[in-house]
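Below is one structure, written out as structure tokens; comments come after it.
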Amino acid sequence: SVRPVEYQYGLLRTLTTPEGSSFRVKGSFPNEVLEFSIRHGGLPESKTGCDVSLPEGEIFMSIGTLGNKLGSRGRMSIEQYRFFVRRERRIVGTF
């Protein structure tokens, strides 16, 4: 019989092979957005302990700013191809 893998909710998992990062401020006051990304080597299902994986690529994050203050909630997204043609960003979480 197949034994289910126990998954501990909220357990921190580190990305393998972080490869770099970048950031930029987009827009103008008072509608500025801080955008930054982290390039990584991926996270396979075998490392997550469940049926979730993260393909190799970049994680994009953005958060609103007002001067030198950050907003209360930001978005986290990844880029994927839809129908093998159009590349689009998909929101995968908040921070």
Side-chain angles (χ1 to χ4, degrees):
S1 71
V2 176
R3 184 175 171 192
V5 176
E6 293 182 26
Y7 174 69
Q8 184 179 351
Y9 182 73
L11 183 63
L12 178 66
R13 288 165 175 81
T14 58
L15 292 173
T16 57
T17 325
E19 298 169 358
S21 62
S22 63
F23 76 94
R24 71 179 177 161
V25 177
K26 183 176 156 183
S28 59
F29 185 82
N31 299 315
E32 295 172 328
V33 176
L34 172 64
E35 297 180 333
F36 55 101
S37 65
I38 301 172
R39 185 145 192 68
H40 62 88
L43 190 61
E45 285 182 24
S46 61
K47 298 283 186 182
T48 64
C50 61
D51 64 350
V52 175
S53 65
L54 183 63
E56 179 180 344
E58 286 185 88
I59 298 175
F60 300 92
M61 289 161 266
S62 63
I63 189 166
T65 64
L66 184 58
N68 63 354
K69 306 279 186 200
L70 293 178
S72 60
R73 177 170 280 178
R75 292 180 306 190
M76 189 172 0
S77 59
I78 60 173
E79 283 187 348
Q80 290 185 325
Y81 282 95
R82 184 174 186 176
F83 304 118
F84 305 104
V85 178
R86 188 173 73 192
R87 187 172 64 175
E88 60 187 23
R89 286 195 182 175
R90 306 232 174 163
I91 296 174
V92 294
T94 59
F95 63 93

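Note that the numbering runs from 1 along the sequence shown for the chain.
- Note that CZ of Arg90 and CZ of Phe60 are 14.0 Å apart. Values are rounded to the nearest 0.5 Å.
- Heavy-atom minimum distance, Arg73 versus Ile63: O-CG1, 3.8 Å.
- Partners of Tyr81 according to the side-chain contact (heavy atoms from CB on, under 4.5 Å) rule, which considers only residues two or more places apart in sequence or in another chain, are Arg87.
- Residues satisfying the salt bridge (Lys or Arg N to Asp or Glu O under 4.0 Å) criterion with Arg86, sequence neighbours excluded, are Glu88.
- Of the inter-residue distances, the one linking Phe95 atom CZ with Ser62 atom OG reads 6.5 Å to the nearest 0.5 angstrom.
- For the atom pair CG of Leu34 and CZ of Arg24, the computed distance is 10.5 Å after rounding to the nearest 0.5 Å.
- Here the shortest heavy-atom pairing between Ser37 and Glu58 reads OG-OE1, 3.0 Å.
- Between Val92 and Leu54 there is no side-chain heavy-atom pair separated by less than 4.5 Å.
- The number of heavy-atom neighbours closer than 6.0 Å to CZ of Phe23, taken from other residues, nucleotides and ligands shown, is 12 or below.
- With rounding to the nearest 0.5 Å, the separation of OG1 in Thr65 from CD in Glu32 is 4.5 Å.
- Taken together through direct or relayed side-chain contacts under 4.5 Å among Ile, Leu, Val, Met, Phe, Trp and Tyr, Val25 and Leu66 form parts of separate hydrophobic clusters.
- Between Glu35 atom CD and Met61 atom CE the span is 11.5 Å, to the nearest 0.5 Å.
- Minimum heavy-atom separation, Arg89 to Ser77: CD-OG, 3.8 Å.
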